[in-house]
Amino acid sequence: MELIDFFWIIVKATIVAVALLSFSNLAVLAERKVSSWIQGRVGPNRTSIPILGAIPVIGTGLTKMGLFQPVADGLKLLLKEDPVPAHVNKFYFFLAPIAAMIPAVTTVAVVPVGQIIENGVAVPLVLADLDIGMLFIFAVSALGVYGMILAGWASNSKYPFLGGIRSSAQMISYELSMGLSILPVFMWSNAPGVESGLSLFSVVQNQQFVWGIIFMPISALLFLVSIFAETNRLPFDMPESESELVAGFNTEYGSFKFGLFFAAEYAHIIVGSGIFAALFLGGWHPLPFNPMGWELQPSGLLGALISMGIFLGKTFFVVFFFIWIRWTLPRFRYDQVMKLGWTMMLPLALVNLIVYAIVFAFIDMN
Amino acid sequence: MVDFLFYLFALITLLGAGSVVLSNNPVNAAMLLIVSFVGTASLFVMLGAYFLAAVQLAVYAGAVIVLFLFIVMLLNVEAAEKVKPKWITISAGLIAGLLMVLGTLKLFKRGDGLTMATLSEVEPVGATTKSFGIELFTTYMLPFQVAGVLLLIAMLGVIFISNRTSKRKEAA
């Protein structure tokens, strides 16, 4: 590999990582705004930057929209006192926020955000179009649980510990049904004679005509519920559940270390939403029943930007759905979470897999 | 470059594995085991077996070690006591290690004039997920099924044993 290529890859990776983190910052703002609307409040609308906020229409408008709030939130996290309690295990206490952040930023490498058409061939806009794409996501995101377990254990106090224990059990339980629920999707995209492996790009190209959510609604539902559980969002936020465990696994954390956990949670949500949009919502295909598919997309940069816009739009819709659910449903009890995972989701995922396997076998025979 | 990476990952794997054995703190041991698994996965990647590498991470690093940590934390295992091994354990370990080294050496220096194949000469079976799956479900179907049944037996055994102890507790 030439040095310039190597340099180019690093630049692209940095852009994607920075974009993801900025989006996760905006997702925090979205959470505050949407929760306000749901509860009949206004939400953040006062924070302003001195000169910028005073510009007549634009500045005041941005202030009203709360768009300066993320800056203030970020500064607050940076400037606060950073306590390290005396009873913690220092090494793992510092390692845990990093371990939570890394998988979120790594998995985004294999999520295609759009496509560019070069000479009539669709090329994915993705950092790495791996043959094992989806499996790579599972492998790396499975490591994300260590952030919570280690934080809970290293804090060496009771509530964080309970949070850590809960998260480890919950993650393992829902990983199973998550993996099983999406197998039919890849069975379909790997029709006889197609070498598409587990790449997300080929799954999206397969949904030109029908979106995954339409002919695999149960897979979509199971996968969606599983991402809720894997990202620890309400109604599955057992590791944190502030009414029972103070703040769960991150009770002992403050300042920027807490900020890392916080940003990682939202980065996980955005990546999860992106994967859901790619697997079940047709990725960058604008309409579900569109036989022309990407042939309608203009070639070159303009088409690439349009496809990216469509994909990001769908992703943000799923992010909104995450927030919407959080402020609508109450939290499960812990035993209910376990019962749902093992006695309903897992059998349903297995039956779903077997039924689709039989159906695909019949289709392939004809 | 490839050679350098191989030695780097091999070193990570071996150092990780060695520290697991020597570590007193069970949580440290579990975390070092992850380091060792990541090293192994990197070696798989260098061989072009991406599927195996990802499965190695997802299953071992992502699930098995989480369960280890779960148990270690739940039982609140403190630093293990230094065990003074008996001389018979030490000598058995030494003999086993020696046999492994000898066996590996024998593999490298066999007298039948066969040479080692380089990576590019080997047929890339299992390089893609699809070819891996086809091989697994055709050529290696029997071992695959046997492994499945073995795991089932282990699972049934665990359920039986844990059921028995919980019944005993109820009776007491």
Side-chain angles (χ1 to χ4, degrees), chain A residues 1 89 91-92 95-96 99 103 106 110 128 130-146 148-150 152-156 160-173 175-176 178-179 183 186-187 189-199 202 230, chain B residues 1-2 5 19 23 25-35 37-38 40-42 44-45 47-79 124-134 137 155 159:
Chain A
M1 193 193 301
N89 182 327
F91 179 71
Y92 290 120
L95 185 69
T106 313
V110 295
L130 294 183
D131 170 60
I132 53 158
M134 195 62 213
L135 202 63
F136 177 83
I137 291 172
F138 278 142
V140 177
S141 69
L143 300 180
V145 64
Y146 289 109
M148 265 168 278
I149 298 184
L150 287 179
W153 181 77
S155 293
N156 205 5
F161 179 71
L162 284 174
I165 289 283
R166 282 181 173 194
S167 76
S168 54
Q170 178 179 326
M171 292 287 217
I172 289 204
S173 312
E175 240 164 45
L176 284 174
M178 179 154 95
L183 278 181
F186 289 99
M187 270 154 65
S189 75
N190 280 289
V194 184
E195 276 285 345
S196 74
L198 298 171
S199 138
S202 49
E230 292 286 310
Chain B
M1 185 69 179
V2 174
L5 283 178
S19 329
S23 163
N25 183 333
V27 173
N28 280 345
M31 296 312 286
L32 285 164
L33 198 52
I34 298 176
V35 173
F37 283 146
V38 170
T40 322
S42 320
F44 281 140
V45 167
L47 287 172
Y50 302 109
F51 184 82
L52 264 186
V55 168
Q56 168 95 8
L57 277 187
V59 173
Y60 285 99
V64 173
I65 301 293
V66 175
L67 285 179
F68 278 9
L69 277 178
F70 186 77
I71 300 297
V72 166
M73 289 175 183
L74 206 64
L75 300 181
N76 203 9
V77 186
E78 292 298 319
V125 171
T128 65
T129 314
K130 197 165 184 171
S131 64
F132 187 91
I134 288 174
F137 286 107
M155 195 176 80
I159 292 172

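Order of the sequence lines sets the chain letters (A, B, ...), proteins ahead of strands, with each chain counted from 1.
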Rounded to the nearest 0.5 Å, how far apart are [atom1] of [X] and [atom2] of [Y]?
X	Y	atom1	atom2	answer
A:L150	A:S155	CG	OG	10.0 Å
B:F37	A:L143	CZ	CG	12.0 Å
B:F51	A:L135	CZ	CG	5.5 Å

Please classify the contact between [X] and chain B as side chain, backbone, both or neither, with a heavy-atom cut-off of under 4.5 Å.
X	result
A:I172	side chain
A:Y146	side chain
A:F91	neither

Most heavy-atom pairs under 4.5 Å with chain B, out of A:G144, A:A169, A:A139, belong to A:A139
Heaviest contributor of heavy-atom pairs below 4.5 Å to chain B, chosen from A:Y92, A:F136, A:F186, is A:Y92
* Quick one: are B:I65 and B:Y60 in side-chain contact, heavy atoms under 4.5 Å? -> no
The interface call for B:V59 against chain A, heavy-atom contacts under 4.5 Å, is neither
Cut-off 4.5 Å, heavy atoms of chain A, and the answer for B:I34 is side chain
Contacts of B:A29 meeting side-chain contact (heavy atoms from CB on, under 4.5 Å) (sequence neighbours excluded), chain-then-number -> B:V20, B:S23
Sorted by chain and residue number, the side-chain contact (heavy atoms from CB on, under 4.5 Å) partners of B:V45 (sequence neighbours excluded) come out as B:Y50, B:A53
